[in-house]
J.: 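This is the structure, below, for whatever I ask next.
As the structure lists them, so they are numbered: ligands from 1, and atoms in each ligand from 1. Worth saying up front: this structure is predicted, and the values here are computed from it rather than measured.
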Amino acid sequence: MATQLNAEPRTRLWRPKRVLVTRSALDWAHGRQIAERVAALGIPISQLASDRLSLDLPDDPRRAYAEAKATLAVTVASPSKRKLQPIAPSADWRVDLAEGCPAHCNYCYLAGSLKGPPITRVYANLPEILAELPQYVGRGTVTSRSRHRSHEGTTFEASCYTDPLGIEHLTGSLSALVAHFGAWQADVQLRFTSKFDAVDPLLGLDHNGRTRMRFSLNPPLFARFEGGTSPVAARLAAMRRMAEAGYKVGLTIAPIIAAEGWEEAYGGLIADIASALDGTPDPDLTVELITHRFTGGSKTVLQSWYPGSALDMGADRRAEKRTKFGAIKHVYDAATMRALRSWFEAEIAAKLPRGRILYWT
Ligand code: SF4
C-alpha cells in the first residue's frame, strides 16, 4: 500500500475553541507572547483572576471530552513539574513544555498517564524550565549509560506529555527550546517526536545539530486511528525538509499494530520512508519501534473517548506485563512479538540500511 508521497502536504493547525490564561502566566513574557499569538488568530481569550482553572465542562462525557480537547490553558509549570525525570528507553531526561495534546489518537498513551479532562496546558515560565536543565548534564541514567548511545551526550526528551509541534504555532516554545540547545555549548541533545508536519518555524533555526526530530509514523491503514494529526505523506515530506535543514531525524514507528494486513501496510510505509529520505545529507537515521499496548485504566478511558473505534484492545494474542510502577500492561503475546520484531528488523535492514534501531518494545 503506497502512500501518496507527491501529495501536497496539508498542515492542520489546531485552533482551540477556548483559551484560558491564568493570572501568573501573564507575569511571564513567554506567556504574554502566547496570548498575543492566540489573539492574532482571532481566538477569544479568557483571562482568569487566579491560577485556578475552572473548566465547567458539561456532564455528558462525550461533550465534556470534545470541549476539553478544544481547550488550551496557558499556565505556569510548578517546581515539581519542572523537576526532570528519567525517561527510558528514549532519553536521559524528560523536559515538559506542555501537557496534553489536541489530536484524537484512539490509542493515545496520554490516556494512561495524564489524569483529568484532556485539555492542553502550555507553560508560560519557559525561562524557569530552561534554567533547570544544566544541573542534569552528565547525570544521564538512560542513553548516557548505553554503550550504543552514549555518543548522543545527555539527552532531553520533549514529547512525553504532549506533541510539541502540534501546538507550536500557538506557543513558539519548541522553537525556543531548539534555539536554546543550538546555542548551548555542551554535550547535550534535544529529542522530540511528532505526528505533525508543521515544521516551518524550525527550519531556519540555529539548531547546530543538537536536536533530533523523530517522526511518529503508522501506515495509512492505521493512521485512521490518528484523528487530528497530519496526513502520513505530509509527515514524510516534512521529514525530508528537516533532514535537508541539517537536523538529525529519526522514526518512531508507533504504535505497531498487528491487525490484518500489517505486513503489507508497514512494508509500504518503510518503502515510502526510504523514498522520502533518498538523497538527504545525514546518513544517520534512528529507528524506535514501539508495539501497541494499553493498561486496564487507559483502555477504559480510551473506550469512553472513542466508543466504536475499530482499534483492537481485546484479549486475543495479548500477554500481561508488569510495569516498574506495578501496573499491568497488555502487550502482544510472545509469538506475535517475535513475528513482528523479526519482520521489522529484516525489513529495515533491507530497505533502510542507514536506519539504526535504538530499541524495540
Ligand atoms: S499525537 Fe500523540 S499525544 Fe497527541 S493524541 Fe496522538 S498519540 Fe496522543
Side-chain angles (χ1 to χ4, degrees), residues 9-17 62 64-73 87 90-91 94-123 157-171 173-174 191-199 213-236 238-239 250-257 269 288-295 297-307 309-313 329 361:
R10 286 172 294 135
T11 302
R12 299 178 193 177
L13 295 176
W14 181 46
R15 204 182 151 80
K17 290 207 172 68
R62 297 296 309 139
Y65 165 82
E67 284 196 22
K69 274 282 182 180
T71 299
L72 173 74
I87 182 69
S90 171
R94 186 186 103 206
V95 54
D96 296 330
L97 301 173
E99 207 177 87
C101 172
H104 304 272
C105 300
N106 293 189
Y107 50 70
C108 183
Y109 60 97
L110 295 181
S113 38
L114 295 180
K115 305 288 169 241
I119 67 167
T120 300
R121 288 180 169 79
V122 300
Y123 299 138
E157 167 68 64
S159 44
C160 292
Y161 277 2
T162 188
D163 186 313
L165 191 60
I167 51 177
E168 177 61 6
H169 58 295
L170 300 169
T171 67
S173 303
L174 182 60
R191 301 163 50 72
F192 70 94
T193 189
S194 179
K195 292 184 191 295
F196 289 84
D197 72 330
V199 295
M213 176 175 178
R214 296 102 77 215
F215 286 81
S216 179
L217 296 166
N218 245 317
L221 179 65
F222 302 133
R224 67 196 155 112
F225 298 126
E226 301 176 345
T229 63
S230 296
V232 179
R235 289 180 232 171
L236 294 179
M239 179 165 63
L251 313 170
T252 313
I253 304 184
I256 293 169
I257 297 171
L269 176 69
E288 291 153 77
L289 299 167
I290 304 170
T291 53
H292 180 227
R293 70 257 336 272
F294 53 88
T295 62
S298 69
K299 177 177 172 178
T300 304
V301 173
L302 289 167
Q303 287 183 331
S304 74
W305 287 354
Y306 309 111
S309 168
L311 180 67
D312 179 19
M313 288 196 279
K329 260 189 310 203
T361 185

J.: What atoms in ligand 1 come closer than 4.0 Å to a heavy atom of L110?
T.: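 Once the distances to L110 are compared, the set is 3 (S).
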J.: Closer than 3.5 angstrom, by distance alone: can the side chain of R121 be matched with the main-chain N or O of G100 as a donor-acceptor pair?
T.: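 It does not hold such a pair.
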J.: Closer than 4.0 angstrom: is that true for some heavy atom of E226 and an atom of ligand 1?
T.: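 Heavy atoms of E226 never come under 4.0 Å of ligand 1.
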J.: Identify which one of V232, L221, N218 satisfies the side-chain contact (heavy atoms from CB on, under 4.5 Å) criterion when paired with L269.
T.: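 When V232, L221, N218 are each tested with L269, the side-chain contact (heavy atoms from CB on, under 4.5 Å) holds only for V232.
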J.: Under 4.0 Å from any heavy atom of K195, which atoms of ligand 1 are there?
T.: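 Those of ligand 1 that fall under 4.0 Å from K195 are 1 (S), 7 (S).
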J.: Students should be able to answer this: which protein heavy-atom is nearest to atom 2 (Fe) of ligand 1, and at what distance?
T.: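 For this ligand atom, the closest protein heavy atom is Y109 CE2, 4.0 Å.
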J.: Which residue owns the protein heavy atom closest to atom 8 (Fe) of ligand 1, what's the atom, and how far is it?
T.: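 For this ligand atom, the closest protein heavy atom is C108 SG, 2.3 Å.
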J.: Look at the rings of F225 and F222 and say which category their plane angle falls in: under 30° parallel, 30 to 60° tilted, over 60° perpendicular.
T.: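 Ring orientation of F225 relative to F222: parallel.
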J.: I'd like to know if the side chain of R293 pairs up with that of T291 as donor and acceptor (distance under 3.5 Å, no hydrogens or angles considered).
T.: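 Checked: R293/T291 side chains pair up, N/O donor to acceptor below 3.5 Å.
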J.: Go through the steps to decide whether Y306 and Y107 satisfy the test ring pair (Phe, Tyr, Trp, His ring centres under 6.0 Å), and finish with yes or no.
T.: CA-CA 9 Å; Y306 309 111; Y107 50 70; 9.2 Å; no
J.: Looking at T193, T252, L165, L174, which hits side-chain contact (heavy atoms from CB on, under 4.5 Å) with M213?
T.: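 Of the listed options, the one satisfying the test is L165.
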J.: Considering only protein heavy atoms, which is closest to atom 6 (Fe) of ligand 1, and at what distance to one decimal place?
T.: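 In this structure, atom 6 (Fe) of ligand 1 has C105 SG, 2.3 Å as its nearest protein heavy atom.
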J.: Assess C101: does it contribute an N, O or S atom lying under 2.8 Å from atom 8 (Fe) of ligand 1?
T.: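 No, C101 does not qualify, because none of its backbone or side-chain N, O or S atoms lies under 2.8 Å.
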